[in-house]
Amino acid sequence: MTTAPAAPRQRRAYAPRMPVEDRRAQLRDAALRLIGEQGYAGLTVEAISAAAGVTKPVLYSAYPTVAALLKDLLDRTQSDALTQLLGAVSGPSIVPSEMTRAWLTIVREHPQTWAPILRIGPATPDVV
């Protein structure tokens, strides 16, 4: 009895190699999208790596934990949020109602920047 030769094994598609800072930016963007769509409850290693189109080991090579990724993401979005807010409310005599209106406009125009701040709830990690 002869057996048919085995079919060649399909290789898994790998994420292209990139510098670690570029990979971190890709992972932060994926995590930010997930927070905007699902809140912090959807922020798992599996979900982040799938959203970024990479494997879990690739994620772990850029960040040792989800908490480390989240801290980096929050540092960067906090900076962006403050820059947006200060740009909108600069002026010597801005009144609270104008400030509130400006802030709401910024949130509408940049929802992903503000999602980590506004999506806080029961599933919010301690690092936040």
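Keep in mind it's a predicted model, so treat the numbers as computed, not measured.
If you check the side chains of Gln84 and Trp103, you find no donor sitting under 3.5 Å from an acceptor.
Taking 4.5 Å as the limit, every side-chain heavy atom of Leu104 sits out of range of all side-chain heavy atoms of Arg101. Between Val54 and Leu27, the closest side-chain pair of non-hydrogen atoms falls below 4.5 Å. You'll find the side chain of Val45 reaches within 4.5 Å of the side chain of Tyr60, heavy atoms only.
Of all non-hydrogen atoms in Pro125 and Leu70, the two that sit nearest each other are CG-CD2, 3.6 Å. Here the shortest heavy-atom pairing between Thr113 and Ala81 reads CG2-N, 3.8 Å. Shown here for Ser49 and Leu59, the closest heavy-atom pair between the two residues is N-CD1, 4.0 Å. The shortest heavy-atom contact between Ala62 and Val20 is CA-CG2, 4.3 Å. When all heavy atoms of Ala115 and Gly36 are compared, the closest pair comes out as CB-CA, 3.9 Å. Shown here for Val127 and Ala67, the closest heavy-atom pair between the two residues is CG2-O, 4.1 Å.
Here the CZ-CZ distance, from Arg17 to Arg23, works out to 9.0 Å after rounding to the nearest 0.5 Å. Rounded to the nearest 0.5 angstrom, Arg108 CZ and Thr105 OG1 are separated by 4.5 Å. Here the CG atom belonging to Leu73 is positioned 9.0 Å from the CD1 atom belonging to Ile48, to the nearest 0.5 angstrom. Interatomic distance, Leu85 CG to Thr83 OG1, rounded to the nearest 0.5 Å: 9.5 Å.
Pairs passing the side chain to side chain donor-acceptor pair (under 3.5 Å) check and including a residue from residues 27-41, sequence neighbours excluded, read Arg28-Tyr63, Arg28-Asp72. Among residues at least two apart or in separate chains, there is no salt bridge (Lys or Arg N to Asp or Glu O under 4.0 Å) pair with a member in residues 58-69. Screening residues 50-59 for salt bridge (Lys or Arg N to Asp or Glu O under 4.0 Å), with sequence neighbours left out, gives Glu46-Lys56. Identified under the salt bridge (Lys or Arg N to Asp or Glu O under 4.0 Å) test for residues 111-128, with sequence neighbours left out: none.
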side-chain contact (heavy atoms from CB on, under 4.5 Å) evaluation trace for Val66 with Thr44: CA-CA 7 Å; Val66 172; Thr44 64; over 6 Å; no

Worked check of side-chain contact (heavy atoms from CB on, under 4.5 Å) between Trp114 and Thr77: CA-CA 8 Å; Trp114 292 88; Thr77 54; over 6 Å; no

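Take Arg24 and apply the salt bridge (charged side-chain N to carboxylate O under 4.0 Å, His left out) test, not counting sequence neighbours, and it matches Glu21. With sequence neighbours excluded, the residues satisfying side-chain hydrogen bond (donor to acceptor under 3.5 Å, both in side chains) with Asp75 are Lys71.
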